[in-house]
Amino acid sequence: NAGVTQTPKFQVLKTGQSMTLQCAQDMNHNSMYWYRQDPGMGLRLIYYSASEGTTDKGEVPNGYNVSRLNKREFSLRLESAAPSQTSVYFCASTGGYNEQFFGPGTRLTVL
Amino acid sequence: AQSVAQPEDQVNVAEGNPLTVKCTYSVSGNPYLFWYVQYPNRGLQFLLKYITGDNLVKGSYGFEAEFNKSQTSFHLKKPSALVSDSALYFCAVRDTGGSYIPTFGRGTSLIVHP
């Protein structure tokens, strides 16, 4: 039981490049989330998926797209990376009573 | 609307002393409340939650939290701090009468001095 896994762990992009962050969970959770964490800002919700086949915008969706590929997998795509997207990205899934399980994070730097 | 506040950016405590990390919340209905811990370069880990019932909730690593409805607070406590407790702590709330999406506080850095 791996919980929530994320790839890659680290990534450096140049402005304008694209990339996809991958997330998978093996806990049979319906809901999945993407957050970004910046110093002094706490966690900010980018997108979430309440169940397979649905996605919704969170607090800071601009510049991102998501795909809920199946119940296990929820990917986050940056189509044209900008320096403002330099951050640590966390994927999470929800179990009973809404406690969340988080992945180890992806550290992204956009130059 | 739901919100959560962690009024202290940083809490310093000596090893062996009791610690408290503060959290207050605002919801329109009843709250589900959570504490998470984040060690350096790691994801958040669930510590404990209040859903209903006993106001004193016990969680992992000897932590506990007290739900106080009149003060809308859910402070995290531990009777005797360890240096290894040094980490970033997040409080989160979900309004049972609203969105199922939780709102997180900005986090409190706990530093336990030897």
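The sequence lines fix the lettering, A, B, ..., with proteins before strands; numbering per chain opens at 1.
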Quiz item: In terms of hydrophobic clusters joined by side-chain contacts under 4.5 Å, are A:Met19 and A:Val110 together?
Solution: yes

Quiz item: Quick check: are there more than 12 heavy atoms from other residues, nucleotides or ligands sitting under 6.0 Å from CZ of A:Arg77?
Solution: yes

Quiz item: So, for A:Gly40 and B:Arg106, which heavy atoms are closest and what is the spacing to 0.1 Å?
Solution: O-NH1, 3.5 Å

Practice problem: Report yes if the distance between the aromatic ring centroids of B:Phe46 and A:Phe102 is under 6.0 Å, otherwise no. | Solution: no

Practice problem: Could you have a look at B:Asp9, B:Asn41, B:Leu88 and say which one has the most heavy-atom pairs with chain A under 4.5 angstrom? | Solution: B:Asn41

Practice problem: Please say whether more than 12 non-hydrogen atoms of neighbouring residues, nucleotides or ligands are located less than 6.0 Å from NZ in A:Lys71. | Solution: yes

Quiz item: Side chains of B:Tyr36 and A:Gln100: closer than 4.5 Å at any heavy-atom pair?
Solution: yes

Quiz item: A:Tyr64 and A:Leu45: same hydrophobic cluster, using ILVMFWY side-chain contacts below 4.5 Å?
Solution: no

Quiz item: So how far is it from B:Thr103 OG1 to A:Leu43 CG, rounded to the nearest 0.5 Å?
Solution: 11.0 Å

Quiz item: Side-chain heavy atoms under 4.5 angstrom apart, residues restricted to Ile, Leu, Val, Met, Phe, Trp, Tyr: same cluster for B:Val37 and B:Val11?
Solution: yes

Quiz item: Can you get from B:Val57 to B:Val4 by hopping between Ile, Leu, Val, Met, Phe, Trp and Tyr side chains that sit under 4.5 Å apart?
Solution: yes

Quiz item: Between A:Ala50 and chain B, which part of the residue has a heavy atom less than 4.5 Å away: side chain, backbone, both or neither?
Solution: both

Quiz prompt | Joint hydrophobic cluster, B:Tyr39 plus A:Val4, side-chain heavy atoms closer than 4.5 Å | solution = no

Quiz item: Between A:Phe101 and B:Leu44, is a side chain to side chain contact (heavy atoms under 4.5 Å, CB included) present by the stated rule, with each step listed?
Solution: CA-CA 8 Å; A:Phe101 295 82; B:Leu44 278 70; over 6 Å; no

Exercise. Step by step, work out the side chain to side chain contact (heavy atoms under 4.5 Å, CB included) result for B:Phe90 and A:Gln37.
Key: CA-CA 12 Å; B:Phe90 289 94; A:Gln37 183 179 25; 3.4 Å; yes

Quiz item: Using non-hydrogen atoms only, which part of A:Arg44 is less than 4.5 Å away from chain B: side chain, backbone, both, or neither?
Solution: neither

Quiz prompt | Options A:Met41, A:Gln6, A:Arg107, ranked by heavy-atom pairs under 4.5 Å with chain B, top entry | solution = A:Arg107

Practice problem: Compare every heavy atom of A:Phe90 with every heavy atom of B:Gln38, then report the nearest pair and how far apart it is. | Solution: NE2-CZ, 3.3 Å

